[in-house]
Amino acid sequence: MADEALQRRLERILLGGRRKYTRLQVAERSGVPEERTRQLWRALGFAAVPDDQVVFTDADVEAVRIADRMIDAGIFDQELETAVTRALGLHLSRLAEWQADLLWSLIRERPELAADERKLIKLVEQLVPQLEQVQSFVWRRHLGAYAGRALAAPDEDLESRTEVVGFVDMVGYTRMTRRIDESALGDVLERFEGLATEVIAEGRGRVVKMIGDEVLFVADAPVAAAEIALTLSERTSADQELPPVRAGLAAGRVLSRFGDVYGETVNLASRLTSIARPGTILVDRELAKQLAGEPAYELRSRRPVSVRGYSRIRPSALRRAKDTGGPFESGQQLAADLLGLTGRRD
């Protein structure tokens with residue numbers, strides 16, 4: 001019973017009040033149609049609840065009212081309401097999961113908190129507002145960056161624009177999962193994610209998402225994308241704790257929707273990654289053309305290859321321009337490039 005009472009107190013802090021309404025009561029109090037409240041709840045990623053179950057708070061009522069006012073004001077179309085809500089639910093649920101893990105890790109490391117209910121409640125009461133402030137700051141900074149980008153090119157369609165898409169993934173990840181325990185695997189993923197986000201941010205790119213052992217990013221400029229991929233490859237090679245990586249880059253039109261990217265350019269970058277050898281960066285024909293005049297890079301054409309969805313693509317290997325290591329080494333490398341020797345995805 002004590003644990004249940006503690007859970008209810010923590011829940012009231014996190015939800016901003018106690019549960020006291022059914023979904024039908026939320027619809028009635030907010031003045032929003034009952035079916036719309038049902039759609040919003042599902043789109044946010046929450047489990048369906050019976051109409052007579054008391055699970056909602058005053059904050060839920062106010063949130064529905066705000067969403068309804070935004071639609072009435074024309075901020076976004078009613079047709080997009082569910083899609084916008086789904087995107088919020090998807091991204092914020094991952095954030096909430098990480099924050100909950102952070103909280104429980106803190107409690108496990110400090111047993112005195114778990115043994116003293118008042119200390120635990122006080123910690124949560126102090127921590128939640130601080131997390132909200134940090135989230136608000138980060139969100140506003142990103143909002144300011146994207147708003148500035150939109151104002152700089154007011155005639156450009158931000159949903160469909162020309163960008164460079166890049167995938168970078170760790171080689172041998174599947175084999176590694178069989179050799180090391182979960183804790184060590186978590187450390188590797190954390191190390192790779194931290195390095196990837198740092199390099200991409202420094203290169204003025206944007207992380208679209210981390211997909212386990214792989215990062216998907218976009219960049220506006222060809223040189224920026226090339227630098228990101230090369231730097232990430234170099235820094236992972238220098239890190240004894242990380243396996244080597246391979247990368248695929250493609251330039252072209254990209255559809256951006258709710259923080260994710262879609263289209264042929266994204267698919268092509270993914271296919272190029274799948275045929276790249278460890279430590280190799282493959283680029284598509286369009287990006288190779290755009291980088292051809294850059295003295296800082298070398299581009300070596302590879303033989304045409306067939307991959308899923310593409311019968312014959314002709315990638316180029318991207319490297320930094322430098323002196324070769326001698327005729328024997330350069331001859332070996334050239335032969336490998338011409339033959340298109342590739343590693344396999346494990």
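No hydrogens, no waters, no symmetry mates; every other heavy atom, side chains included, goes into these values.
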List the steps and the verdict of side chain to side chain contact (heavy atoms under 4.5 Å, CB included) for Val283 and Leu272.
CA-CA 7 Å; Val283 304; Leu272 289 172; 5.5 Å; no
Contact between [X] and [Y] at the side-chain level, heavy atoms closer than 4.5 Å - yes or no?
{"X": "Leu189", "Y": "Met170", "result": "yes"}
{"X": "Val128", "Y": "Leu14", "result": "yes"}
{"X": "Phe217", "Y": "Val165", "result": "no"}
{"X": "Ser256", "Y": "Glu163", "result": "yes"}

Does [X] come within less than 4.0 Å of [Y], counting only side-chain N to carboxylate O?
{"X": "Arg204", "Y": "Glu227", "answer": "no"}
{"X": "Arg65", "Y": "Glu62", "answer": "yes"}
{"X": "Glu198", "Y": "Arg235", "answer": "yes"}

Within 6.0 angstrom of [X] [atom1], more than 12 heavy atoms from elsewhere:
{"X": "Glu28", "atom1": "CD", "value": "no"}
{"X": "Arg19", "atom1": "CZ", "value": "yes"}
{"X": "Glu35", "atom1": "CD", "value": "yes"}
{"X": "Arg314", "atom1": "CZ", "value": "yes"}
{"X": "Gln290", "atom1": "CD", "value": "yes"}

Examine the side chains of Tyr21 and Gln53 and answer whether a donor and an acceptor come within less than 3.5 Å of each other.
no
Is it the case that Thr280 and Arg246 place a side-chain donor and acceptor less than 3.5 Å from each other?
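Short answer, no.
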Go through Gln130 and Gln135 one step at a time and tell me if the side-chain hydrogen bond (donor to acceptor under 3.5 Å, both in side chains) criterion holds.
CA-CA 9 Å; Gln130 292 174 354; Gln135 288 170 194; over 6 Å; no
Intermediate values then yes/no, side-chain hydrogen bond (donor to acceptor under 3.5 Å, both in side chains), Ser270 and Asn267:
CA-CA 5 Å; Ser270 177; Asn267 295 336; over 6 Å; no
